[in-house]
2 protein chains.
Amino acid sequence: MGRPKKFDPEKAVEQAAETFRVHGYAETSPQSLADSLGIGKGSLYHAFGSKHELFLKSLERYTDTQLADLKAVMDEGRPIRERVRELLTGFVEADLNDPDRCGCLVVNTAVELRASDEPAVKLLGRSFEATESVLHLAFIAAQHAGEIDADRDPKALAGLVQSSMIGLRVLVKTTSDRDRLGSIIDAAVAAI
Amino acid sequence: MGRPKKFDPEKAVEQAAETFRVHGYAETSPQSLADSLGIGKGSLYHAFGSKHELFLKSLERYTDTQLADLKAVMDEGRPIRERVRELLTGFVEADLNDPDRCGCLVVNTAVELRASDEPAVKLLGRSFEATESVLHLAFIAAQHAGEIDADRDPKALAGLVQSSMIGLRVLVKTTSDRDRLGSIIDAAVAAI
DNA sequence: AGAGTATTTGACCTTGAGGTACAAAATTCA
DNA sequence: TGAATTTTGTACCTCAAGGTCAAATACTCT
């Protein structure tokens with residue numbers, strides 16, 4: 001009972017994640033957040049408590065979505081190198097298509113955040129681990145399928161692909177050189 | 001002539017770079033900047049014009065220093081893989097030894113920055129290119145020395161090492177797992 | 001010493017961040 | 001219909017960011 005909510009909290013968290021991704025945590029004001037959700041600032045605080053609490057919820061939702069997307073790509077029935085290439089190319093192309101180069105909320109937050117923000121650091125740590133785990137499992141499977149040499153360390157490969165992916169998403173913030181980025185992807189795929 | 005400066009502008013820019021590295025651009029206030037330089041806020045504005053101008057100078061100095069450090073390591077007369085390992089390990093260890101995981105000003109700025117900040121984006125772009133170039137040249141030399149297969153693309157390898165390096169410095173913000181980070185370094189070195 | 005020049009400082013200004021308070025509005029239940 | 005409950009939105013609060021300014025200070029040159 002009581003007055004019905006004007007907005008869908010789920011959608012709001014999703015929209016907030018996008019706002020944080022585009023403008024960053026520090027540069028997103030409660031007012032702009034409220035505006036982007038189409039509600040008053042008071043309602044926002046009533047519903048979410050604080051900017052930081054809303055941010056944590058947004059970040060969590062974002063990591064969930066991202067992980068699902070990653071799994072979707074890695075679950076495709078194609079050669080492992082094709083899937084990894086698709087993954088890296090997808091991120092790079094997405095970033096290049098955005099003139100503001102906003103990039104990935106997880107990467108952005110990992111850098112912008114203070115180490116003292118423990119809940120956020122934990123969320124990010126879990127997200128990075130989950131990503132690595134998906135890659136790790138895919139590489140193990142690929143080894144069993146004979147696509148990757150059995151003497152390679154699948155976990156280390158997962159870490160290498162992950163760190164290259166993150167590095168690419170940072171590099172793309174200051175360059176639009178598709179050849180250069182593409183050759184990095186080539187090298188990453190070749191390293192598997 | 002005129003009243004002599006109370007501080008050394010060179011040292012001040014260096015100190016400012018460190019403050020920006022530790023706290024980030026947005027989170028560094030003119031007041032704290034002035035405090036860290038041991039001067040009044042007015043003096044700071046008189047000497048540097050604005051927070052942003054000081055930031056650009058700081059960033060430029062930082063990139064110069066960083067590039068010199070990189071060259072120093074890559075100029076050592078040791079096997080290429082040892083040098084690359086030393087490079088990556090050095091950054092990771094430095095970051096791990098800092099409880100606040102402040103990391104690298106260039107990486108941090110590339111992420112925190114708005115794409116609309118053209119002078120900063122240019123500086124960062126040049127810095128990333130210069131870094132890649134040093135690695136590129138080192139790999140070419142290593143190929144001539146027979147340390148790296150001649151059929152590898154040295155520029156792509158440079159890009160891969162660079163992006164892994166950046167990725168590692170982001171990952172280390174949320175993890176302290178030396179084994180995991182170490183195995184990523186192993187994989188990166190093995191990929192050369 | 002005095003003129004001229006450069007630097008220093010704290011006081012002051014405007015703007016907006018992050019958040020609170022409260023009365024009005026919209027619903028359900030009896 | 002009225003009571004209870006919940007959400008809404010504006011007005012308001014405090015604090016600090018980023019920056020400006022004028023007066024005081026410290027130097028050089030003549």
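Chain A is the first sequence line, chain B the second, and so forth, proteins listed ahead of strands; every chain is numbered from 1.
Within 3.5 Å, a donor on the side chain of B/Lys41 pairs with an acceptor on the base of D/dG19, or the reverse. You won't find any donor-acceptor pair under 3.5 Å spanning the side chain of A/Arg3 and the base of D/dT8, going by distance alone.
Checked against C/dT8, D/dT7, C/dG18, the side chain of A/Pro30 finds its nearest nucleotide in C/dG18. Nearest nucleotide to the B/Lys5 side chain, out of C/dT27, C/dT7, D/dT7: C/dT7.
Taking the ring axis of A/Tyr25 as reference, the NZ or CZ atom of A/Lys51 stays within 45° of it and closer than 6.0 Å to the ring centre.
Rounding to the nearest 0.5 Å gives a distance of 4.0 Å between SG of B/Cys104 and CD of B/Gln66. From A/Ile185, atom CD1 reaches atom OG1 of A/Thr89 across 4.0 Å, with rounding to the nearest 0.5 Å.
For B/Leu44 and D/dC21, the CG to C1' distance is 16 Å, given to the nearest whole Å. If you take NE2 of B/His23 and P of D/dA17, they are 12 Å apart, rounded to a whole angstrom. What separates NE2 of B/His46 from P of C/dA6 is a distance of 9 Å, to the nearest Å. Per the geometry, CZ belonging to A/Phe55 stands 17 Å off P belonging to C/dA17, to the nearest Å. Across the protein-nucleic acid pair, A/Phe7 atom CZ and C/dA26 atom C1' stand 15 Å apart, rounded to whole Å. Between B/Glu27 atom CD and C/dG18 atom P the separation is 9 Å, expressed in whole Å. Atom P of nucleotide D/dG9 and atom CD of A/Gln31 are separated by 11 Å, given to the nearest angstrom. Following rounding to the nearest Å, B/Tyr45 (OH) and C/dC13 (P) show an atom-to-atom distance of 18 Å.
The phosphate of C/dT7 has neither OP1 nor OP2 within less than 4.0 Å of any side-chain N or O from B/Ser43. Between C/dG18 and A/Lys51, a contact under 4.0 Å exists linking OP1 or OP2 to a side-chain N or O.
As judged by a 4.0 angstrom heavy-atom cut-off over every strand, A/Ser32 is placed among residues making no nucleic acid contact. Here B/Phe48 lies out of heavy-atom contact (under 4.0 Å) with every strand.
Ring-plane geometry between A/Phe7 and A/Phe48 is classed as tilted, the angle between the planes lying from 30 to 60 degrees on a 0 to 90 degree scale.
Using a 4.0 Å cut-off between charged nitrogen and carboxylate oxygen, B/Glu129 and B/Arg126 do not count as a salt-bridge pair.
Each of B/Pro4 and B/Gly49 lies near DNA chain D, and the nucleotide nearest B/Gly49 is the one positioned closer to the 5' end.
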